Structure formats: C-alpha cells, structure tokens
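Each chain gets a letter, A, B and so on, in the order its sequence line appears, and its residues count up from 1. What's counted below: heavy atoms across the whole structure, side chains too, no hydrogens, waters or symmetry copies. Note that the coordinates shown come from a computational prediction; the quantities given were computed from them, not determined experimentally.
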There are 2 protein chains.
Amino acid sequence: MLMFCTMYSLDKTDTKLLQALSDDPRSTFVALADTLGLSRNTVQARMKRLEDSGAFLGFDRRINPAALGYPLTAFIEVHVQQKRLAQIVLDLALIPEIVQAHGMSGQTDLLVRVVCTDAADLFRIDGTILACDGVERTETSLAMGEVIPYRLTPLLDRRG
Amino acid sequence: MLMFCTMYSLDKTDTKLLQALSDDPRSTFVALADTLGLSRNTVQARMKRLEDSGAFLGFDRRINPAALGYPLTAFIEVHVQQKRLAQIVLDLALIPEIVQAHGMSGQTDLLVRVVCTDAADLFRIDGTILACDGVERTETSLAMGEVIPYRLTPLLDRRG
DNA sequence: AAAATAGTGAGCAGAGTGCCCTATTCAGAC
DNA sequence: GTCTGAATAGGGCACTCTGCTCACTATTTT
C-alpha cells in the first residue's frame with residue numbers, strides 16, 4: 001500500500017471494515033474478524049491504522065441534537081467583510097448553537113449550521129450572529145427535514 | 001425523570017455521559033462509571049436507554065469522507081417543481097455522492113450536501129442532479145474549509 | 001403507606017482485549 | 001534469482017470487560 005500523500009488511502013478491506021462498523025458500531029474486533037474472514041490481529045492492526053490516519057471524526061457527530069433538546073436545524077448564509085473573516089470565525093465559535101461552519105466559495109462567505117429549540121430561539125441566534133463585528137448580512141433557511149439522512153454507505157458500497 | 005413527550009429527555013447525568021464519550025468514544029462502561037463516579041450498572045442502564053431513545057445517529061457520520069478519497073465538499077441548492085418533490089428526493093437518493101439532503105423553507109427547496117474527488121467530479125454530479133425530472137435549477141457552492149468543525153460540546157457544556 | 005424509579009454492590013461465567021512471538025505469502029527492489 | 005518489507009494468520013497468556021442476575025437502599029410518586 002503506497003503512502004505518497006500524507007493521508008493514508010483506504011483499500012477494499014478497510015472499506016469492508018467501515019461497512020461492518022456502519023452495520024453495527026459496537027461490534028467487537030472478534031466479531032469484525034469473523035464477518036470479514038480475517039484474523040483478529042489483522043482487524044486490530046487495520047483499525048489502529050484507520051484511527052491513526054484520521055479516518056474517524058469526532059463522536060459529537062453521532063449525538064442527536066434533538067435528544068439534547070434542539071429539534072430544529074437551520075442553515076444561515078453569512079456575508080461578511082472578507083478581511084475580517086478570521087476574527088469573525090473566532091466570534092462565531094463562541095456561539096454554542098453554531099454546530100458547524102464552512103467557508104464557502106461563491107456569493108456566500110460562510111455557511112453556518114445552527115441548532116435551536118424553536119423559531120424564537122433561531123431569531124435570537126441570528127441576531128447574535130448579526131451583532132458580530134464585520135458581519136454584513138445573513139440569510140436564514142430553516143431545515144424542514146433531513147430528507148436524505150447523512151450516509152456514506154452508497155460510496156462505501158461502490159468500492160466494495 | 002419525567003416523560004411528557006415521546007422523546008426521552010436527557011438529564012445532567014446523560015449529558016456527562018455524552019461528554020465523557022466525546023472525550024473518548026472507545027471508553028468502556030467501567031471507565032465511564034469510574035470517571036462519572038457512578039456504578040457500572042447505572043452506566044449500562046443509561047447507555048441502553050440512550051441508545052433505545054435514538055440519541056445516537058449512524059456511525060457513517062464519524063467516517064471522514066476525505067479518507068475515502070472524497071476531499072471536496074459542496075453544498076448545492078436545488079430548486080424544483082414542488083409537487084414533484086417526493087419523487088425527486090427518491091431520484092437524488094440514487095446518487096451516491098449525495099451524502100445528505102435537507103428540505104428547506106425559503107427560496108431554496110432542497111439543500112444537498114455532496115462530496116467529490118475534484119472540481120470535474122462536482123461538475124458531473126451537478127449535471128446528474130439537473131438531469132432529474134422536476135429539477136429546475138441548482139446553485140453550487142464549494143466548501144473551502146470547515147472553519148468550525150462539527151461540535152456539540154459547547155451545548156453539552158451548557159447543561160453540565 | 002404502597003409502588004415505582006434510580007442507584008449501589010456483589011458475584012459469576014464467558015467473551016474480548018492488548019500484547020507478545022513466529023511463520024507464511026507475496027509483490028516489488030536489487 | 002535473491003532480498004526485503006508489508007500483510008496476514010495463528011497461537012498463547014494475563015488481564016479486563018461484558019451481560020446478566022439478585023438483593024438492598026434511597027427517593028419520589030401516587
């Protein structure tokens with residue numbers, strides 16, 4: 001397996017490992033080895049490599065915000081004075097309801113994902129964002145539903 | 001613990017559990033019980049309740065698309081003939097590079113999250129979306145970076 | 001007062017983990 | 001052809017963790 005780039009490139013066996021984990025995130029190394037027809041040593045070695053190579057993101061992503069009392073998700077497009085972008089990101093990071101933000105190409109500078117308890121809460125959060133120095137305009141869109149829930153399995157299947 | 005609504009409402013102990021899990025997603029029940037100062041039985045019971053109540057989302061969300069060979073993320077706003085929305089969602093679900101889609105309020109009908117290998121790949125995927133019956137227009141924005149990586153800890157901390 | 005709920009502590013058989021070592025296979029380098 | 005490194009398999013061992021049960025104690029609800 002080659003390593004020319006910094007990031008380790010996953011092969012088919014890794015893919016199958018991830019598929020098996022998607023089926024059952026709690027499955028043990030023994031069970032994984034069994035379903036994949038590999039030895040336990042191999043599975044453990046590969047899992048360690050996957051972890052070390054940054055193939056896994058934070059556990060936060062598996063927590064359902066609705067269970068925490070934030071049933072609403074909204075996307076807020078934020079237009080800013082671009083030279084202040086770095087500072088604005090730091091300011092936004094202080095708002096706990098902002099669960100994610102992407103710097104974007106195109107008309108919008110930032111796409112911010114927000115969770116909130118209700119519409120009034122969203123209104124308040126939007127105000128907080130607008131109050132940040134350098135933020136010029138926001139456009140809020142409420143997510144009515146996750147019509148395609150986050151998934152990577154179709155991509156995994158294609159490499160299987 | 002009260003249960004007025006269908007969804008189980010998390011209390012402070014649950015929150016601390018989730019925090020501990022965020023710190024170390026692989027920590028065992030024994031370790032969790034130790035750090036929280038609870039008995040192992042209690043931790044196991046609470047974890048089971050959390051799982052049953054749907055507090056955890058799919059494992060997919062923890063897989064880094066970049067590790068799979070999809071370093072680029074884009075958000076595509078899709079405008080559709082609204083009466084065909086349901087069918088369009090089914091069609092979009094067949095496109096593996098679409099990792100998530102939200103039905104939106106506001107000008108945009110759908111906000112689609114896409115991962116791709118490069119700009120040409122994104123162009124191709126956008127074409128595939130446009131080719132779906134009932135899709136009228138798309139607006140693609142490439143994510144230059146996740147300036148605030150997905151996080152729920154600030155919200156967890158606030159309930160701690 | 002009785003009942004439900006959450007927690008504790010103890011115990012136990014079985015399963016899983018982390019770690020070690022060795023052997024084999026295989027592809028690429030020399 | 002030979003060498004080397006990587007991936008894998010298989011064995012083994014001490015230790016930990018799990019799943020489960022049961023009995024007991026608080027606390028809260030009814």
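- Between Leu32(A) atom CG and dT8(D) atom C1' there is a gap of 16 Å when expressed in whole angstrom units.
- Applying the 3.5 Å distance criterion, the base of dG19(D) shares a donor-acceptor pair with the side chain of Arg40(B).
- Of the side-chain N and O atoms in Thr28(A), one or more sit less than 4.0 angstrom from OP1 or OP2 of dG16(C).
- Nucleotide dA15(C) holds its C1' atom 13 Å from the CG atom of Asp34(A), rounded to whole Å.
- At dT18(D), none of the side-chain N or O atoms of Arg26(A) fall inside 4.0 Å of OP1 or OP2 (strictly under the cut-off).
- The residue among Phe29(A) and Val43(B) whose nearest nucleotide of DNA chain C lies closer to the 5′ end is Val43(B).
- Taken from OG in Ser141(A) to NE2 in His102(B), the straight-line distance is 12.0 Å, to the nearest 0.5 Å.
- Under the 3.5 Å distance criterion, with hydrogens and angles disregarded, no donor-acceptor pair is assigned to the side chains of Asp109(A) and Gln81(A).
- Distances shown here put a side-chain N or O of Gln44(A) below 4.0 Å from the OP1 or OP2 atom of dG18(C).
- Atoms CG (Asp24(B)) and P (dC17(D)) sit 12 Å apart, rounded to a whole Å.
- As a whole-Å value, the separation of Leu36(A) CG from dA7(D) P is 16 Å.
- Which of dA6(C), dT8(D), dG16(C) sits closest to the side chain of Arg46(B) comes down to dA6(C).
- One interatomic measurement links the two molecules: CG of Asp11(B) to P of dT28(D), which rounds to 14 Å at whole-angstrom precision.
- Within a 6.0 Å sphere centred on CD of Glu51(B), heavy atoms belonging to other residues, nucleotides or ligands number more than 12.
- Distance from the side chain of Leu38(A) is smallest for dT8(D) among the nucleotides dT8(C), dG18(C), dT8(D).
- Between Leu85(A) and Leu110(A), some side-chain heavy-atom pair lies under the 4.5 Å cut-off.
- Here the C1' atom of nucleotide dG18(C) and the CD atom of Glu51(A) are 14 Å apart, to the nearest Å.
- Following rounding to the nearest Å, Lys48(B) (NZ) and dT5(C) (P) show an atom-to-atom distance of 16 Å.
- If you check dT17(C), dT8(D), dG7(C) against the side chain of Thr42(B), the one that comes closest is dG7(C).
- In this structure, Asn41(B) atom CG and dA26(D) atom P are separated by 18 Å, rounded to whole Å.
- If you look at Phe59(B) and Phe56(A), their ring centroids are closer than 6.0 Å.
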